[in-house]
Amino acid sequence: MKVVRSRAEFAAARLTVVGPVGLVPTMGALHAGHEALLAAARADCTSVVATVFVNPLQFGPSEDLARYPRTLDADLAMCERAGVDLVWAPGVEDVYPLGDPLVTISPGSLGSVLEGAVRPTHFAGVLTVVAKLIGLVRPDRAYFGQKDYQQLALIRRMAQDLELGAGIVGVPTVREPDGLALSSRNVYLSPDDRREALAISSALSAGRDAARGGASAVLAVASAVLADAPGVKVDYLELRGPDLGPPPGHGPARLLVAARVGTTRLIDNVEVSL
Ligand code: AMP
């Protein structure tokens with residue numbers, strides 16, 4: 001496995017990458033969820049490129065950029081175990097050599113609902129860095145987690161709308177044995193927070209299991225579980241279609257939640273069959 005830092009080192013190493021090339025973009029603090037993306041890329045592709053970059057553009061002014069966990073040595077060990085060929089861990093100046101970009105990608109109407117309603121600049125930051133990484137790495141396929149379902153939906157749509165030439169692959173959410181979705185932000189949870197946070201995944205699975213009663217039953221059952229957890233402050237609980245449009249009367253839908261537990265904001269979602 002080759003590890004490079006600067007943009008020049010990456011450009012030189014990129015020449016040795018042969019196709020099909022799989023790209024796994026991450027912000028580091030890697031866990032078993034990221035490992036599943038790396039494994040999917042390893043299974044599909046001849047070369048696997050992972051990036052480790054905490055992208056300032058996707059953090060709002062009051063968000064956790066400065067305290068975001070950084071664990072590069074452990075991240076490299078995980079990439080090595082997962083059979084990654086090339087890791088690029090650039091600095092901010094390597095990704096944004098001209099400073100803050102003048103031209104960014106607008107997520108459109110899907111960027112201002114759900115997560116976008118609470119984090120108004122987030123998805124423009126995500127889409128801009130993902131478009132840049134796809135332009136720099138030129139992968140055949142890029143891998144993203146269903147854990148960040150709205151992000152995945154927007155990236156898929158961007159790849160189509162802007163003809164980026166990379167296939168976008170969604171990988172199912174990896175969970176703790178008790179159901180909590182793995183997240184780099186789980187390290188912020190105190191033991192009490194961790195217990196309370198379980199209500200998030202429990203609400204989603206209870207909602208999914210109530211699907212025979214239709215959309216209103218799904219939402220009622222999930223809200224009741226969340227209402228029983230006083231330490232969980234819900235930002236939204238919504239049922240939508242698979243592309244995040246209105247939920248269908250019948251067929252696949254997505255139940256999405258965001259909530260604050262202590263000082264930590266967590267998101268999760270599940271597929272629901274209406
Ligand atoms: P991040 O480092 O948080 O930006 O995440 C990098 C990628 O890993 C994103 O595509 C996430 O959706 C994905 N990811 C994060 N947590 C999980 C998880 N628990 N299961 C599957 N994928 C995940």
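Model, not experiment: these values are computed from the prediction. Numbering starts at 1 and runs along the sequence shown. As the structure lists them, so they are numbered: ligands from 1, and atoms in each ligand from 1.
- Cluster partners of Phe59 are Met27, Val54, Leu65, Tyr68, Val187, Tyr188, counting Ile, Leu, Val, Met, Phe, Trp and Tyr whose side-chain heavy atoms approach within less than 4.5 Å, directly or via other members.
- Classification of Arg157 and Asp243 as a salt-bridged pair fails, no side-chain N sitting under 4.0 Å from a carboxylate O.
- The distance from ligand 1 to the heavy atoms of Leu182 drops below 4.0 Å at these ligand atoms: 16 (N), 17 (C), 18 (C), 19 (N).
- The residue Ala36 has no part lying near ligand 1, judged by heavy-atom distances below 4.0 Å.
- Atom 4 (O) of ligand 1 has Met27 CG, 3.5 Å as its closest protein atom, hydrogens excluded (heavy atom only).
- The nearest protein atom to atom 23 (C) of ligand 1, hydrogens excluded, is given as Lys147 CB, 4.0 Å; this is a heavy-atom distance.
- Protein heavy atom closest to atom 3 (O) of ligand 1, with residue, atom name and distance, is Tyr68 OH, 3.8 Å.
- Near Phe144, with a cut-off below 4.0 Å to any heavy atom, the atoms of ligand 1 are 10 (O).
- Within the model, atoms CG of Leu239 and CG of Leu219 stand 5.0 Å from one another, a figure rounded to the nearest 0.5 Å.
- Heavy atoms of Pro172 found under 4.0 angstrom from ligand 1 belong exclusively to the backbone.
- Residue Gly33 holds the heavy atom nearest to atom 18 (C) of ligand 1 of all those in Gly33, Ala142, Ser183.
- Of the protein's heavy atoms, His34 NE2, 3.7 Å lies nearest to atom 1 (P) of ligand 1.
- For the atom pair Leu110 CG and Gln150 CD, the distance stands at 5.0 Å (nearest 0.5 Å).
- Taking atom 12 (O) of ligand 1 as the reference point, the nearest protein heavy-atom neighbour is Asp148 OD2, 2.6 Å.
- For Arg67, the CZ atom counts as densely surrounded, since its 6.0 Å shell holds more than 12 non-hydrogen atoms of other residues, nucleotides or ligands.
- Regarding atom 20 (N) of ligand 1, its nearest protein heavy-atom neighbour is Val174 N, 2.9 Å.
- Those atoms of ligand 1 with a heavy atom of Pro25 less than 4.0 angstrom away are 6 (C), 7 (C).
- Other residues, nucleotides and ligands contribute only 12 or fewer heavy atoms inside 6.0 Å of the NZ atom of Lys2.
- At least one side-chain heavy atom of Gln146 sits less than 4.5 Å from a side-chain heavy atom of Leu152.
- Below 4.0 Å from some heavy atom of Leu37 lie the following atoms of ligand 1, by number and element: 7 (C), 8 (O), 10 (O), 13 (C).
- The shortest distance between side-chain heavy atoms of Phe10 and Val137 falls below 4.5 Å.
- Of all protein heavy atoms, the one lying nearest to atom 22 (N) of ligand 1 is Gly145 CA, 3.5 Å.
- The number of heavy atoms from other shown groups lying within 6.0 Å of CZ (Arg138) does not exceed 12.
- Checked against side chain to side chain contact (heavy atoms under 4.5 Å, CB included), Ala89 has the following partners two or more places apart in sequence or in another chain: Arg5, Val52, Leu72.
- The part of His31 lying near ligand 1 is the side chain, judged by heavy-atom distances below 4.0 Å.
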